[in-house]
Amino acid sequence: MQQLTNKQILVGVTGGIAAYKAAELIRRLQDHGATVRVIMTKAAQAFITPLTLQALSGNPVHCDLLDSEAEAAMGHIELARWADLVLIAPASADFMARLATGQADDLLATVCLATNASIAIAPSMNQGMWRDQSTQQNLQTLISKQVLVFGPGDGSQACGDIGPGRMMEPEQLAVEASSVFKIGSLDGVKIVITAGPTREAIDPVRYISNHSSGKMGFALAQAAMDAGASVTLITGPVSLQTPERVTRIDINSAAEMHQAVIETLPVCDIFIGSAAVADYRPTSIADQKIKKSTETMTIELVRNPDIIADVSNHPQRPFTIGFAAETQDVESYARGKLEKKKLDLIIANDVSNTAIGFNSDNNAVSVIWNDGKVSLPMTSKQQLGRHLIEEICQHYRKK
Ligand code: PMT
């Protein structure tokens with residue numbers, strides 16, 4: 001099974017004889033469904049060429065923090081945001097020391113500082129270097145900073161020694177990488193998620209809509225799936241691939257979304273309304289294309305049903321989570337909606353910033369409940385989706 005589908009893995013290669021295994025690792029990660037980009041340190045390039053890893057990953061290899069051309073194409077901050085996981089394999093003793101002390105003296109170390117993604121290391125070094133007190137202290141520091149440590153294995157080493165310090169084999173590393181994305185706490189829970197925009201027809205060729213791309217809702221569906229939930233995704237018109245094993249229902253208008261949502265309620269434990277539902281629709285839809293006969297024209301609108309309010313007032317009410325897309329006074333408007341629509345949680349999205357919110361690849365939100373709030377900083381919508389599902393899961397379990 002492709003457990004890394006839609007996952008973006010940044011492989012960091014540092015200097016050591018096991019660097020040649022990075023080529024195999026890229027292949028194994030791709031076999032599991034991941035998209036891979038590579039950063040190499042200067043020392044790594046003495047063992048394997050960037051060209052080899054570029055050919056295998058299908059992406060340019062990033063080597064230098066101070067290369068203005070590479071920075072213009074995909075800068076270190078963009079790389080840090082792009083990654084769902086930074087996997088450093090092999091991780092040399094020197095790199096572990098630099099990571100433990102928070103250095104920013106090359107591209108890989110800088111990206112590790114900048115990223116919100118999980119960081120995993122696959123140590124590889126001589127057994128004496130591995131056993132050394134400094135390395136062991138660095139290891140403990142890294143573990144205390146939530147860095148994941150894959151391996152090392154025991155056995156014969158390139159230098160002729162026998163002992164711990166062999167890099168874990170590439171296939172095993174790919175399996176470990178998959179396990180990072182298993183949230184696993186929503187086994188058997190049924191989740192319904194709405195995503196994308198709605199289209200409110202004016203005539204056979206025109207409609208009122210908004211800029212929602214569906215990316216946030218689809219990322220939530222993927223994360224919920226990874227957490228073991230069974231997921232139904234009710235979506236407006238978007239051009240996104242359905243996450244594997246998610247049941248997708250396509251709708252156009254708010255009225256269609258309303259009907260599809262209400263029909264799922266008998267088998268819904270958690271409802272997440274991330275769709276940008278049109279609040280109004282034209283009072284009537286013209287049978288034929290409207291001709292331009294006057295200088296101005298007025299379209300009368302009527303209120304659409306409030307889908308999420310109906311969900312939260314339904315006799316078969318699930319744990320109900322809304323989004324609030326706001327351009328000003330974000331928290332106070334979001335709290336107003338939390339109360340008015342009687343939601344369990346609301347996710348406040350400041351959409352005045354075009355780098356986040358509608359149709360962007362990244363997002364930053366606050367999860368708000370009656371007597372609390374947690375802010376989740378800007379990261380990819382995939383990564384944010386996982387953080388949100390973890391947060392939702394904790395609140396759902398408490399209830
Ligand atoms: O799709 P993307 O491009 O990835 O962008 C993501 C997003 C910005 C659309 C998403 O993060 C987001 O904020 N979604 C909510 C957008 C919205 O319409 O918010 P609202 O504040 O107008 O609505 C509040 C809540 O009521 C939402 O949960 C909404 O789904 C729901 N609603 C609104 C109107 C309506 N008639 N029925 C509803 O259920």
Side-chain angles (χ1 to χ4, degrees), residues 192-200 208-223 233-240 243 251-262 264-265 268 270-281 301-314 317-368 376 378-385 387-389 392:
V192 176
I193 300 172
T194 64
T198 63
R199 284 183 183 172
E200 310 303 325
I208 297 170
S209 192
N210 58 64
H211 294 295
S212 171
S213 63
K215 288 177 194 166
M216 191 68 249
F218 276 58
L220 282 164
Q222 177 71 61
L233 181 60
I234 301 175
T235 179
V238 295
S239 46
L240 295 174
I251 56 83
N252 272 304
S253 64
E256 286 169 11
M257 184 174 272
H258 184 261
Q259 187 184 341
V261 166
I262 300 298
T264 62
L265 290 186
C268 174
I270 299 178
F271 175 81
I272 309 175
S274 78
V277 184
D279 290 318
Y280 292 89
R281 65 178 185 279
L301 302 176
V302 62
R303 276 287 278 273
N304 269 327
D306 190 323
I307 302 169
I308 206 160
D310 287 354
V311 169
S312 101
N313 286 312
H314 199 273
R317 180 190 193 279
F319 189 74
T320 307
I321 300 125
F323 270 73
E326 305 293 348
T327 53
Q328 56 176 335
D329 299 332
V330 179
E331 183 170 343
S332 94
Y333 280 124
R335 283 200 177 278
K337 286 178 182 172
L338 176 76
E339 200 177 320
K340 190 163 169 233
K341 300 188 188 218
K342 300 195 193 111
L343 307 177
D344 293 293
L345 298 173
I346 194 148
I347 297 163
N349 205 160
D350 181 350
V351 291
S352 65
N353 176 353
T354 52
I356 60 174
F358 284 96
N359 199 19
S360 58
D361 289 331
N362 298 315
N363 207 359
V365 296
S366 296
V367 182
I368 298 175
L376 302 177
M378 174 145 101
T379 186
S380 69
K381 282 184 177 165
Q382 279 79 16
Q383 177 82 354
L384 186 68
H387 292 321
L388 284 172
I389 290 294
I392 288 168

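As the structure lists them, so they are numbered: ligands from 1, and atoms in each ligand from 1. Throughout, numbering of the chain's residues begins at 1 and tracks the sequence.
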So which heavy atom in the protein is nearest [atom], and how far is it from that ligand atom?
atom	answer
atom 2 (P) of ligand 1	Ser213 OG, 3.4 Å
atom 5 (O) of ligand 1	Gly357 O, 3.5 Å
atom 26 (O) of ligand 1	Lys341 NZ, 3.0 Å
atom 37 (N) of ligand 1	Ile307 N, 3.1 Å
atom 34 (C) of ligand 1	Asp279 OD1, 3.3 Å
atom 22 (O) of ligand 1	Lys337 NZ, 4.0 Å
atom 18 (O) of ligand 1	Ala276 CA, 3.4 Å
atom 23 (O) of ligand 1	Phe323 O, 3.7 Å

Is there a side-chain contact between [X] and [Y] in this structure, where contact means two heavy atoms from C-beta onward sitting under 4.5 Å apart?
X	Y	result
Pro318	Val192	no
Gln328	Tyr333	yes
Leu343	Ile321	no
Leu301	Ile208	yes

Nearest heavy atoms of Glu326 and Lys337, plus distance in Å:
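Residues Glu326 and Lys337, closest heavy atoms: OE2-NZ, 2.7 Å.
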Between CG of Leu376 and OG of Ser366, what distance do you get to the nearest 0.5 Å?
7.5 Å
Asn362 and Ser360: side chain donor to acceptor below 3.5 Å:
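Not at all, the side chains of Asn362 and Ser360 share no donor-acceptor pair under 3.5 Å.
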Arg199-Asn252 side chain donor-acceptor pair, cut-off 3.5 Å:
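No - no donor-acceptor pair under 3.5 Å links their side chains.
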Examine [X] against ligand 1 and note whether any of their N/O atoms are separated by less than 3.5 Å.
X	value
Gly217	no
Ala275	yes
Val351	no

Atoms in ligand 1 with a heavy atom of [X] nearer than 4.0 Å:
X	result
Pro305	35 (C), 36 (N), 37 (N)
Gly322	28 (O)
Ser212	1 (O), 2 (P), 3 (O), 9 (C)
Met216	4 (O), 6 (C), 11 (O)
Lys215	1 (O), 2 (P), 4 (O)
Ile308	26 (O), 28 (O), 31 (C), 38 (C), 39 (O)
Gly273	27 (C), 28 (O), 30 (O)

Can you find a non-hydrogen atom of [X] under 4.0 Å from ligand 1?
X	answer
Lys381	yes
Ala324	yes
Asn359	yes
His258	no

If you measure from the Lys or Arg side-chain nitrogens to the Asp or Glu carboxylate oxygens, is any gap between Arg335 and Glu339 under 4.0 Å?
no
Using heavy-atom distances only, which candidate in Asn210, Asp306, Asn363, Thr198 approaches atom 38 (C) of ligand 1 most closely?
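Result: the heavy atom closest to atom 38 (C) of ligand 1 is in Asp306.
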Using a 4.0 Å heavy-atom cut-off, which part of [X] comes near ligand 1: side chain, backbone, both, or neither?
X	result
Ala195	neither
Asn349	side chain
Ser274	backbone

